[in-house]
Structure formats: C-alpha cells, structure tokens
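Okay, so here's the structure we're looking at.
So you know, we letter chains A, B, ... as the sequences are listed, proteins then strands, and number each from 1. Only this structure's heavy atoms are used, side chains among them; waters, hydrogens and symmetry mates stay out. All figures in this text were calculated on a predicted structure; none of them were measured in a lab.
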Amino acid sequence: MDIYTLSALELGHKIAGREISAPEATQAMLDRITATDQTVKAYLTVVPEQALAQAALIQQRLDNGEQLMPLAGVPMAIKDNISTKGLRTTCGSKMLWDYVPPYNATAADRLLAGGAVLLGKTNLDEFAMGNTTETSYGGITTNPWASDRVPGGSSGGSAAAVAAGEAVYALGSDTGGSIRQPASYCGVTGLKPTYGAVSRFGLVAYGSSLDQIGPLAKTAADCGAILAQIAGPDSKDSTAMPAGRNLDTTALLKSIEPGQSVKGLKIGIPAEYFGEGLQPEVRTAVEAAAAQLAELGATVEPCHLPLVEEGIATYYLIATAEASANLARYDGIQYGFRPTGQAYEDLADFYAQARTEGFGPEVRRRIMLGTFALSSGYYDAYYLKALKVRKLLQQGYREALSRFDLLIGPVAPTTAPKIGTTLSDPLQGYLADIYTVAANLTGLPGLSLPCGFDQIGLPIGVQLIGRAFDEATLVRTGVTYQEATGYHRQSPAL
Amino acid sequence: MSYETVIGLEVHVELSTASKIFCSCETTFGGEPNTHCCPVCTGLPGALPVLNEQVVDYAIRTCLATHCAITPLTRFDRKNYFYPDLPKAYQISQLHKPIGRNGHLEIETAEGLKKIGIHEIHMEEDAGKLIHDPWEDCTLVDYNRCGVPLLEIVSEPDLRSAEEALIYLEKLRSILQFLGVSDCRMEQGSLRADVNVSVRPVGSQTFGTRTEMKNMNSFKAIGRAIVAEAKRQIDLIEDGKTIKQETRRWDENKDSSFAMRSKEDAMDYRYFPDPDLVAINITPDWIERVRSGLAELPESRRARYIADWQLSEYEAGVLTTHPAIANLFEETATLSGRPKDAASWMLGEFMQAAKEQECEPQDLHMPAQSLATLIARVAEGVVNRNTAKKIFTQILENKVDPDAYIEQNGLRMVSNPDALKDKIAEIIAANPQSIVDYKAGKTKAMGFLVGQVMRAMQGKADPQLLNELLKDALDRA
Amino acid sequence: MSQTQHPDLGNLDQQGHLTLDPILVKKVARLARLSPNEQELDSLSHELGKILEHFQNIEALETDNVEPTYHPQDLLDSVRPDQVQPSYDQSVFMELTPKHKDGCLMVPRTFE
Ligand SMILES: [Mg+2]
Ligand SMILES: [Zn+2]
C-alpha cells in the first residue's frame, strides 16, 4: 500500500490507530513530491523540514492522548493565496514573490490547530485570475493525467497535487469556479462552500463578494471532513456567517459516514447547462451521473435556469471591479516588488512602474476592466448593472432550489485544454467559466465530482449545486455516488 | 459693488473610541511610529475590516444632536486613490448611504439665531502620517493614525462670513465634546476642517466658483483664511479675471494661500460599496437606546443654570464652554449647596489659574469635592477668602486635601477677640504715625493697619472682627 | 451591437469588433496606475473591446426596479465591541518594507 493513494479520512484513521505515524506519512508524501513534482510542478514552495517537525509534534500530541481532528497528522497543501505565517505567500505573482505574511489565514489556522501537517504552498493563476494555472510567475503546473494539458485553475496546483498524490488534500479558493473546475480537470473532488461558510480572513482577495476557501481531496467525504474543520463564524471576517446561520457541522459530519442514501432527493437538471459548446463526452458523462443518482433513489427532473450565459458578463464585471480596488494596495512601497530603476518622474510614475512590472498581463487586463467598470460615466451601465443582474440570477436559482434539493450539470464545457491554447483569446477563456460562476454570484455551494473520462483519458467532472449552507446534502450525495462508482479512485500514471 | 461670502465647511472629527474603526489597535495619539498597527489597518494582503460598534453609536449621537435623518441601512464605500498615507489605496468611507443627512445647527449671530444646514454626516477611517525627510529627500510614513475613526460633518453653504463660520465651528465643537464623542483637540488634529469659499454680488441667487482649503486645524487660521480668500476672489472679479475652481493651501506664516499643483486629470474616486463590510441596520430601538443615554447639551445646561441657580447669562455661557468645566461646576454646586459661590470660584480663580498655567481650563486638575469643601469652609468661617485662595492653588499644584491642609498648617481663622486685641495693641504701638494719620481723618491708615495685623497673624484673622476691634482701639487711643 | 450605440467606447475594427478608444484605455490605465506600452495599449484596446462587446448581453435586461446585490447573503450588523487588542511589533512592518528609517517606511517624496 502506498500512503499517497489513501484518502484523508483513511490516512487519518490509520494515524489515529497507530498503524502509520504522522512523520512516516509526511516522509512518504515528501518522497512522492520529490518523485513527481518535477513533472507536475504543483508546488511553489515545499517545506520538508518544517513539515517533518510539525508531524513529530503532532505525533507527540496524539501519543499524549490529546483530542485532535480526525485528519490529524495528515499531510496537506495550501494554495499560495492563503496566508501562512512565516511562510511566503506569493499569489503566483512577481509582486509578492518574497512576501512573508506575519499571520495565518483563519482557515489555515483551524487546520493547523486541528493537527494538519503543511507540506507546502501550491501554484495558482496569478492572484487567482485565470482557469488554467498558466499565468503564474512561478511557471505552469501540468495536468497529472497528461503533461501537455493544463490542470485548470486557478487552484490548479492544489488539484494537481491531490491528483498526483503529492498532497492528501489541499485548500483552494473559488471565485468563479477555481476549486471546482481544476478538480474536474484533474479528476479529484472539490467543494466550494456557501459564501460566508468559511472565513476569508487571510485569503488574498480577488473578488471579495465571490471568494470562498474550500477543500480539494480524493473523496466527497474528505471534503466534508475538511470543511467541518474550517467552516464557522470568525470575528475577523464581517462576511463570515454567525453561529446559527452558518452551516450545521453536526449534519455535515453525519453526511460523511458510510451508508448514506439519496433516496427521496429531488435533483433538477437545467437545460441551459447542456447548450452549445459542450463537449459531447462531457454531456454523456454528466447525464450518466444524473442517471446513476436516479438509480440510487433520487428523482431527477429537467428544469430551467435564467441568465446562464449572462452570468459571464455579470461575474467578470463584479469580480474585476472588486479586484481593481483589492489589488490597488500593491504599489511597491509597503511590501513586495519594488522596481529597482530609480528613474521615476513622480509618485504616480513610481506606482505605475511598480505595478506594470510587478503584475502579469492577465492581472493587468482584469485591473483595467474593473477600473473601467467603476469609472465615472460607466459605473451605472457596467458595475451597477451587473449588481442588478446578479439579483435576477439569485432569484432564479433560489426559485429552482425551492423545488429541488440539488441542481446537476457539467463543471466545464470541455476536459482540460492543451497548455498554451487558452491565453491567446481572453474572452474565449472567460466563456469557459459559464457553468461555475453562478454558484459564486448566488453564493450557493458547489461540489465537483469525477464522473468519467473522455476518449483520450482526461477526467470529466460533474457539478452539484445545493442550497445555501446545506453542504450536508451536497456531501451526502457525493458520498453515495462515490460508494456506487469508482471514478474518484482512478489515479494518473506518473 | 458689494459682495457676499459663501462658506461651506467639511469638518473631520476624530472619535474618542479606545480602538480603531476596523481593527483592535489602540487610537492613542502619538507613540513610536508604526506601533499601533496590525495587518488590518496597514492593509496587508488578506486582512479584513470589522466595524467598531462604538463608532456607529457615536455617529448616531451626533446625528441626533444635529437633527439629521438617520439612514436605516447605512453602508460603507471604498474611495479609491493612490497615496502613501493610504495603505490599501482606498479609504473606507461612505458615499451612497451615509449615516445621517439633512440636519441643521442653530447658531447665535449678531443678527440673531441662524439655522445652518448639515448636508450629511458620514463615518470613515483616518489616513497615516507623512513626514518629509529633507536629508534623504524622501517621505517617511507612519501608519499609527491609519484607521482611527472619523466623522465627517458636511455643512450646506449657509455661512456668510468668517465670524459665522467660527461661531458654527465653536458650536459644533462644544456639542461634540458634550456628547462625549470627541475631545476635539485641534493641536492633535482631532478636529480639522476643509473650507469651501466663494463670493457673489449681494442679492445674487447663484453661487460663484468656489475654492477649497483642506485640512485646516486652527480656528484662528480658518477665520483669517476665509477673509483673505474672499478678498482675493473679489479682487479677481473686480479686475475682470475669473476664479479657478481649485484646492489652495493656507500658509499661516505668510497669511496668504497658494494654489496646490493641480492634477492633470480630474480625480475619479470610483466609489463602490465595500464588499468586505455588510450593511448596518440602525433600528428605531437602537436610536432610542442612544437617545435615552444622550448627554445634556450646553444650551439646555445653560438654561438650567440661569433658571435654577440664578446665574447670569454670561456666567452660564462661560461655564458651558466645555463639558469638563460644566461637570466640575455642577458637581461643586451640588456638593457645596452654594451654586453662586461655585460659579464665582470657577469664573474667577479657576479661569485665572488656567491662564497662569497657559493651559485649557478643562485640563486643570480640580476635584469637585475639594472645591466644594473649600467653599463650605469659607462659608462656615473656618478660613477667610484669602487663605482659601492659597489652599485652592495648593489643591491644583499639589493635590492636597483642603481640610487636612488647613489643620496641618494651622490655617483656621482666628476669631478669638483676646488674641486679636494683643496683636492690635502691638501693631498700634509700633506705628504711632498711623494713629496720627487716622486721627487726622486719613482712611488709608486704617487699611494699612488692618494689613499689618493680618500679616502678623499670617492672614488668619477674621477680617470683620479685626476691623471692629481695630477701630475700637484706634478710637480709644 | 452597433457603433452608434456606444460612441463613448470606440470604433469597430475590420472584423466588425469593438475596439476601445486608445484615449479611454490610457485614461483607465492612469487611474489604475498602470503604464502599458504602445503595443500593450493596442492589444488592450482590442481585447477589452471584444470583452465589453460580449458583455453587452446584459444591457438589454430589464433591471429598472431591481435592487443591486452587494452580497450573496443578506447579512447585517457584523460589528465588534470597542476593545483594544495588542498591536503588532514595529519590526514586523519594517521587515516587510524594502526601505525604512526610524521606524517609518521610506517612500518617494510627496511634499512639494
Ligand atoms: Mg472624507
Ligand atoms: Zn490595526
């Protein structure tokens, strides 16, 4: 048995039962990273000594009989836009290449406090702006299933690390599909929680009203266990839901237990999610997944959702507008990249030099788009308009979810594209987010599950969208589906 | 032609909270640079703001005192601009849904009462401090002030002279101080004003082009700047020139203002609702809770002093210039049961002491209990007024307890006739010329002898008894 | 989309796609404190033009009586009590900044 093939709950169980020690598990993962990450390039930073020291400490705490989380001692990775105290957090940008945060993100803190072992920080599209992990200053991560393919993005490093067995699980962030889409491209399970379920404190902001931290793992049960550890109110984040209105952790933990059922669940299958541009193999696999759930006892019925195509414009206007302000702080003065050339005319020129040199082209493009959408004379027609369409979209999804427990559809229109094919046409790249942005605009939770492979063996994902703060139903459905199918247990030959 | 000056004021006032508006760092003025800072107030990547409830409370108080309509769902916006004193490159402020709108303040002008409109009141965060470093030819940045809560109180352009502007500012300052929302220490920059000035021919209904002078932090400078700016604008018009809408900086030393270098493109702050913060639901209950705890404002206190304690308009006015003074006076009046005496001490010795120590009267250390005791001892005849003045100084300077001090220094007034008679005999014997003068009808001689006896008795003689006995002795001499 | 509908944005290129007016692109770049070179300015005009052209699919939607959404959840009143917590050490901020002096950050001169 190779340790890196175990799910997080399986490994956690073995560590708790003294079958495997935490340092042993950590060493196995570090060895795997050494063996495969030269090809995958999932990590921007690996911290072997720190990880081993941490594992030893956790083993000691376990031996002392301390009560830790079920995943205590399990080695994992964190996307490099989630702040880790004393460990550089680059956001895949030249701008923050040497930036070392003086504090931990709340989500990271909760995992570490529960006994997680941090292996390192994973690659991403610069500032999470992208869906291929090609825009990182740290280079391109490859898809573990085919090295000429992208892993998806922006949490491409986290998805690839889990798929390649270089991390038992990983944290990602999802602003417009950045957990679900790479999970789908890499054949792993990814969960974007309801907006407000997990604290954003310490997550380097891209689109503040859309960003959520969530898990990528081998199974839906793992995702549920990780989410239970990181979710909950946080006095440091005004947008994290207070107790009572946040998700029910007890129900969530119950949903990860074996022997779940989807009997009686009503699942809607929106016609608009199967439109033009959907790769036939993706359509077939997603429809098969729906049929499988029906066979397991759920009722699957067709339904309609409004504004699926308009979601792209709505999403990009809101996300980039927020980003234009969120990224204004990077100016070469307080921290991060500072241009070396002393020749600047004035302060404005100094800022422009730092920002033009420090940001990559996609980040600059999105800052431009967002600045435009907020600028005087255009605010009402673009930004404000998008905020209003967002309301219409919310109403449509709320209406659909008043009739259904879940909605089912594809995660992405295609399987992983070849490296180098997406960036040449930014608009085409944006359009690929068509099925994922709605969950962010509405704040609803979304789960991406492996549900098959295309003709050349690339993984396909199916997406489940649930009611706000009802991650338990989402995870329960994932667990049931994964007990009946084996797609999530397949791993790439590396 | 005669002109009228039109003035609008944007007053920024720092609120007296313990912690900053969006983080838990302390707000104390000063301190080593960058020591009252955390990831939130310095805008580190990933840090998020959480609103200090007390700031909303103080804002509601101010809205109530200025008759503003309170916005039920108030929210914060980001104001985007790049400057080194603003670590996030945006200031969290309010544009779309400020907490208060459409209020007013009544001021007393030479022509009678005048209503000055309050356009809006909004909450925002302060920026950091920039210091020029001439040695390195660069600017140094201290973020300690970043995130200190501010209220911005924007008046309508209803003020018509520098005098009116100053009356308005003084009134506003006193209200803010009485509400307990700010100490308004101008020397520490906790009250600053942006001054908008334009002029127009008397009778004209349209406004002239206005200029703005930013960040002024002394009333004196504001008054002079308004006068000078109005004159500058009138001179331009008279010369047939046009006034440019611009920001000007007032140079206190040169007593004149100059245009600041204008940006080549107009400012576009791209305000939008801050997605990191949620709307604040100011319920009627919340407003009532604040209203019921609202401190009594100076006007009402003044009226009460006049009606209940028979103080003069003038006395009541001076005693309500600052809450610390008013509080000390009221407590002393109540404890001693002698409001008139309390007022007399406050207006006399107390104000005099502040002048001598060159400080604001509210900064003097004077426990109400001590002053009340002192007033009582004078009334009881335990000490005379002159001795009491000395004790008053001792309380201020050495924090002495008046009763203990009287006992320790044997300051009780001597009202024993025998002891006085001996001293009088001694003094008369030593000053034969004075007796001659007295007999010749020179009243000054009497005063001289009283002073001599008083000095010999270290000021402790009962003045009335001393007068009687001395006169008696002289007449018999 | 026709050109006359958006005279404020720019012109159509040979393929009939919207190209943003370079003056507008420059204005936005200056607001964002970015300084694209001539080549990037040109590609931004085309790319942003094409993106905004596509985004006009939300323009026709009837939203006159729709309230804007600021947040996915209708959250209110996230506030904290007025309590002081320890701040960070000055050294934390000095270590982050590339240049500092006497506990202050050093920046290009701002005083005229
Ligand atoms: Mg302001
Ligand atoms: Zn702070």
- prompt: With chain B, which of Gln85(C), Arg80(C), Gln90(C), Gln83(C) has the greatest number of heavy-atom pairs at distances under 4.5 Å?
  reply: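 Max contact count across the listed options: Arg80(C).
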field: chain B interface, residue from Leu105(C), Val84(C), Leu76(C) that has the most non-hydrogen pairs under 4.5 Å
entry: Leu105(C)
field: Donor on one side chain, acceptor on other, Thr110(C) and Thr139(B), under 3.5 Å
entry: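 Indeed, the side chains of Thr110(C) and Thr139(B) share at least one donor-acceptor pair under 3.5 Å.
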field: Between His96(B) and Gln94(B): side-chain donor-acceptor atoms closer than 3.5 Å
entry: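 The answer is no; no qualifying pair exists.
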At a heavy-atom distance under 4.5 Å, which candidate from [options] has the highest pair count against chain C?
options	value
Leu73(B), Val141(B), Leu130(B)	Val141(B)
Cys37(B), Ala279(B), Cys38(B), Pro84(B)	Cys37(B)
Val278(B), Asn80(B), Ile280(B)	Val278(B)
Glu26(B), Lys129(B), Arg270(B)	Arg270(B)
His36(B), Arg75(B), Lys20(B)	Arg75(B)
Asp85(B), Asp142(B), Thr17(B)	Thr17(B)

query: What residues of residues 39-47 of chain B sit under 4.5 Å from chain C when only non-hydrogen atoms are counted?
result: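 Under the 4.5 Å heavy-atom cut-off, Pro39(B), Thr42(B), Leu44(B) qualify.
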message: Donor-acceptor pair, distance only, cut-off 3.5 Å: does the side chain of Ser182(B) make one with the backbone of Val13(B)?
response: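 Side chain of Ser182(B) to backbone of Val13(B): no pair is present.
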query: Are the side chain of Asp82(C) and the backbone N or O of Gln54(B) linked by a donor-acceptor pair below 3.5 Å?
result: no
- prompt: Taking it one step at a time, do Ser190(B) and Asp183(B) satisfy side-chain hydrogen bond (donor to acceptor under 3.5 Å, both in side chains)?
  reply: CA-CA 7 Å; Ser190(B) 70; Asp183(B) 55 18; 3.2 Å; yes
- prompt: Which word best sums up how the rings of Phe76(B) and Phe22(B) line up, parallel for under 30°, tilted for 30 to 60°, or perpendicular for over 60°?
  reply: perpendicular
task: Supply the atom-to-atom distance Ser45(C) OG to Lys26(C) NZ, rounded to the nearest 0.5 angstrom.
output: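 Taking OG in Ser45(C) and NZ in Lys26(C), the distance rounds to 9.5 Å.
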task: Answer yes or no: is there an ion pair linking Arg78(B) with Asp276(B), defined by an N-O contact shorter than 4.0 Å?
output: yes
Whether over 12 other heavy atoms sit under 6.0 Å from Glu32(B) CD: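 Atom CD in Glu32(B) is not packed in, count stays at 12 or less.
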query: Do other residues, nucleotides or ligands put more than 12 heavy atoms under 6.0 Å from Glu67(C) CD?
result: no
Quick one: what part of [X] sits under 4.5 Å from any heavy atom of chain C, side chain, backbone, both or neither?
X	value
Ile21(B)	backbone
Tyr83(B)	side chain
Asp57(B)	neither

cation_pi(Lys79(B), Tyr269(B)) dist<6.0 Å, angle<=45: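 Yes, Lys79(B) and Tyr269(B) form such a contact.
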